[in-house]
Q: 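One structure is given below, represented as structure tokens, and several questions about it will come after.
Being a predicted model, the structure only gives us computed values, none of them experimental. All values below come from the heavy atoms of this structure, side chains included, with hydrogens, waters and symmetry mates left out.
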Amino acid sequence: MSHNFEAAVMPPVSHPNTAPVSELEAHLGYWLRFVSNHVSHSFQKKAEANGVTVSEWVVLREMFRLGCTSPSVLAQVAGMSKGAVSKLIDRLESKGMVSKSILLADRRQHSIELTSEGEALVPVLADMADQNDEEFFGKLPQQLREDLLEAMKEVARTHQLKSVPLN
């Protein structure tokens, strides 16, 4: 769909006997999704150029914050299923960015931590995420950026949104 942000050139079709139907572009959710898709796609390309997916970046960033942890704790803080986290950890381990250690007390459990390569990549990707935000939102006045950020946080709080956006 091509987006012409001006009024449509063709007049709307008349639908007698029906209630008025709002335009797609009349919804805040439409614009949030429209902008979000572009912001996310731009960062996705940057992350992939550094050998990781956005989902892997989320795991790396949370592990950087947590330090040595367990897959179940990581799943909880990232708002992902244990199965999804396990797959991501396995992929990151195969890329040399995460290491696993079996806990001696209970051989079914293991701890995970970033390798030196994983730890070195996190600040690089974080800087790219900051730059990506600046590319898309840098032209907005600072107060508007802060208000928009607070409004989105309030929507998340109101609806108790917990899971980390991955795509």
Q: By side chain to side chain contact (heavy atoms under 4.5 Å, CB included), which residues pair with Gln160, not counting sequence neighbours?
A: none

Q: One pair to check against side-chain contact (heavy atoms from CB on, under 4.5 Å): Phe137 and Asn132. What are the steps and the verdict?
A: CA-CA 9 Å; Phe137 304 110; Asn132 199 59; over 6 Å; no

Q: Could you list the residues that satisfy side chain to side chain contact (heavy atoms under 4.5 Å, CB included) with Lys87, not counting sequence neighbours?
A: none

Q: Would you mind writing out the side-chain donor-acceptor pairs for residues 71-85 within the sub-3.5 Å range, not counting sequence neighbours?
A:
| residue | atom | partner | partner atom | Å |
| --- | --- | --- | --- | --- |
| Ser72 | OG | Ser70 | OG | 3.2 |
| Ser81 | OG | Ala84 | N | 3.0 |

Q: Leu60 versus Met97: any side-chain heavy-atom pair under 4.5 Å?
A: yes

Q: Please determine if Glu134 and Arg145 form a salt bridge, counting it only when a charged side-chain N lies under 4.0 Å from a carboxylate O.
A: yes

Q: Using the side chain to side chain contact (heavy atoms under 4.5 Å, CB included) criterion, which residues pair with Glu93? Sequence neighbours excluded.
A: Asp90, Lys100

Q: Identify the heavy atoms of Phe136 and Ser42 that sit nearest to each other, and give their distance.
A: CE1-CB, 3.6 Å

Q: Checking Arg91 now: which residues fulfil salt bridge (charged side-chain N to carboxylate O under 4.0 Å, His left out) with it, not counting sequence neighbours?
A: Glu56

Q: Group every Ile, Leu, Val, Met, Phe, Trp and Tyr by side-chain heavy-atom contacts under 4.5 Å, then state whether Leu161 and Val35 land in the same group.
A: no

Q: Please say yes or no: joined through hydrophobic side-chain contacts below 4.5 Å, possibly via intermediate residues, are Leu24 and Trp31 part of one cluster?
A: yes

Q: Same cluster or not: are Val59 and Val124 linked, directly or through other Ile, Leu, Val, Met, Phe, Trp or Tyr residues, by side-chain heavy atoms under 4.5 angstrom apart?
A: yes

Q: For Gln44, enumerate each residue passing the side chain to side chain contact (heavy atoms under 4.5 Å, CB included) test, keeping only those at least two apart in sequence or located in another chain.
A: His41, Glu48, Val54

Q: With Glu135, which residues qualify under salt bridge (charged side-chain N to carboxylate O under 4.0 Å, His left out), at least two apart?
A: Lys46

Q: Please assess Val98 against Thr115 for the test side-chain contact (heavy atoms from CB on, under 4.5 Å), listing each intermediate value before the final yes or no.
A: CA-CA 5 Å; Val98 169; Thr115 63; 5.6 Å; no

Q: Got a second to check how far Glu62's CD is from Trp57's CH2, nearest 0.5 Å?
A: 9.5 Å

Q: Would you give the length of the straight line joining atom NZ of Lys45 to atom OG of Ser40, rounded to the nearest 0.5 angstrom?
A: 12.5 Å

Q: What's the spacing between Thr158 OG1 and Lys153 NZ if we round to 0.5 Å?
A: 14.0 Å

Q: Within a strict 4.5 Å, meaning less than it, do heavy atoms of the Val122 and Met63 side chains meet?
A: no

Q: Do you know which two heavy atoms are closest between His110 and Ile102, and how far apart they sit?
A: CB-CA, 3.9 Å

Q: Between Gln143 and Asp147, is there a side-chain heavy-atom distance shorter than 4.5 Å?
A: yes

Q: Excluding sequence neighbours, so at least two apart, what forms side-chain hydrogen bond (donor to acceptor under 3.5 Å, both in side chains) with Ser22?
A: His27

Q: Please name all residues satisfying salt bridge (charged side-chain N to carboxylate O under 4.0 Å, His left out) with Glu23, sequence neighbours left out, ordered by chain then number.
A: none

Q: Can you name the side-chain hydrogen bond (donor to acceptor under 3.5 Å, both in side chains) partners of Gln131, sequence neighbours left out?
A: Asp127

Q: By salt bridge (charged side-chain N to carboxylate O under 4.0 Å, His left out), which residues pair with Arg157, not counting sequence neighbours?
A: Glu150, Glu154

Q: Mind checking ring pair (Phe, Tyr, Trp, His ring centres under 6.0 Å) for His38 and listing every partner two or more places apart, or none if nothing turns up?
A: Phe34

Q: Hey, could you give me the CZ/CG distance between Phe64 and Leu125, rounded to the nearest 0.5 Å?
A: 11.0 Å

Q: How many angstroms lie between atom OG of Ser116 and atom CG of Leu121, to the nearest 0.5 angstrom?
A: 11.5 Å

